[in-house]
Amino acid sequence: MKRIIIDTDPGIDDALAILFALGLPGVSVEGLTTVSGNVPVEQGTHNALTILEAVGRTDIPVAKGAAYPLRRRLITAEEVHGENGLAGLNLPQPSSKVHDLSAVEWLRHKLRTSLEPITIVAIGPLTNLGMLYCLDPEAFAKIEEIVFMGGAAFCSGNTTSAAEFNILVDPDAARHVVQSGVPLTMVGLDVTQKATLFAEDLARFEGQDSPLASFARRLLEATFAKRTGKIELGGIHLHDPLAVGVAVNPEIVQSKRYYLAVETEGEVAVGQTVVDDRPWSKNEPNATVAVDVDRERFLNWFLDVLTH
Ligand code: RIB
Ligand code: CA
């Protein structure tokens, strides 16, 4: 059984990633921790509770995390995800409640008490993980691996020309995580921008009425209908679902080991993930970086899991 915790800022693609993880055989979603990013953490936490309730998984705890980045002013992305973070989808109020512990305290307790290894799939800004590293480095060091959706190794950013959204929101937290020494896999825009779902792919949901398929279909239909994001012309980049896929089956992408650093200062390049690919570099690699993906293979896997 692959035990994962998803740290998330739900968000349309976050919601799809959570549904994908719930549908994957052999995967146990141990909990969701929420963080401000696509939408403020209050809304993101509400969305996490709503998603789990809609698919009958209120057994999974949701712990609310950081409302603001460690240092910078919060930026959000309602223009992409809609004001409510879920493409304006009209959903019933969840009856389940958020966990009593904050995300960092819940992570700390979970990591210190778990007898099994736990992988953290981080699909939002890394504020919670940065805070955990500062508060309890011993607990942080118990993380089996962090697979994060973020950054751009050899392509432009999506929020500035240099920076991808999750890293730009909290580059200081990202720097803590990247230099922590915990096994790290970066699933950046180099691959997630190839994992595109097109309107015609919705046909795969025809006649599928499982809770996962129904929720995913409604969310995707709302997304295409509202065309909430200028960047998703023609399709929806499955940024976060690909990170879940890599955590469960690293072979779904081609990866290479590199030395990775995060720029936390400046204006033009703040939030850039700088990968050292110089053959003569003396920097020891500290991350596995995804560099290519077979779109068809991943989309088929993703759609198969959600429609069966
Ligand atoms: O840049 C894409 C990432 O930022 C995704 O995780 C998306 O959900 C947003 O958080
Ligand atoms: Ca996200």
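Just so you know, ligand 1 is whichever comes first in the structure, and atom 1 is the first atom listed for that ligand. Residue numbers run from 1 in the order of the sequence given.
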> Of the protein's non-hydrogen atoms, which lies at the shortest distance from atom 6 (O) of ligand 1, and what is that distance?
Replying inline: Asp240 OD1, 2.6 Å
> With only distance considered, is His239 within less than 3.5 Å of ligand 1 through an N or O on each side?
Replying inline: no
> How does Thr159 reach ligand 1, by side chain, by backbone, by both or by neither, if only non-hydrogen atoms under 4.0 Å count?
Replying inline: neither
> Backbone, side chain, both or neither: what part of Ile12 comes under 4.0 angstrom of ligand 1, heavy atoms only?
Replying inline: neither
>> Just checking Glu42: does its CD atom have more than 12 heavy atoms from other residues, nucleotides or ligands closer to it than 6.0 angstrom?
In response: no
>> So, 3.0 Å as the limit: is an N/O/S atom of Pro10 located closer than that to the Ca ion (ligand 2)?
In response: no
>> Checking contacts here: is it the side chain or the backbone of Thr192 that comes within 4.0 Å of ligand 1, counting heavy atoms only? Could be both or neither.
In response: neither
>> I'd like the atom name of the N/O/S atom in Asp9 lying closest to the Ca ion (ligand 2).
In response: OD1
> Do ligand 1 and Ile123 have nitrogen or oxygen atoms that lie under 3.5 Å from each other?
Replying inline: yes
> Which protein heavy atom lies closest to atom 9 (C) of ligand 1, and at what distance to 0.1 Å?
Replying inline: Asn38 OD1, 3.1 Å
>> Using a distance threshold of 3.0 Å, state whether an N, O or S atom of Asp14 lies below it from the Ca ion (ligand 2).
In response: yes
>> From the N, O or S atoms in Asp240, identify the one nearest to the Ca ion (ligand 2).
In response: OD2
> Which heavy atom of the protein is the closest neighbour of atom 10 (O) of ligand 1, given with residue, atom name and distance?
Replying inline: Asn166 OD1, 2.8 Å
> Closest non-hydrogen protein atom to atom 2 (C) of ligand 1, residue and atom name please, with distance?
Replying inline: Glu164 OE2, 3.4 Å
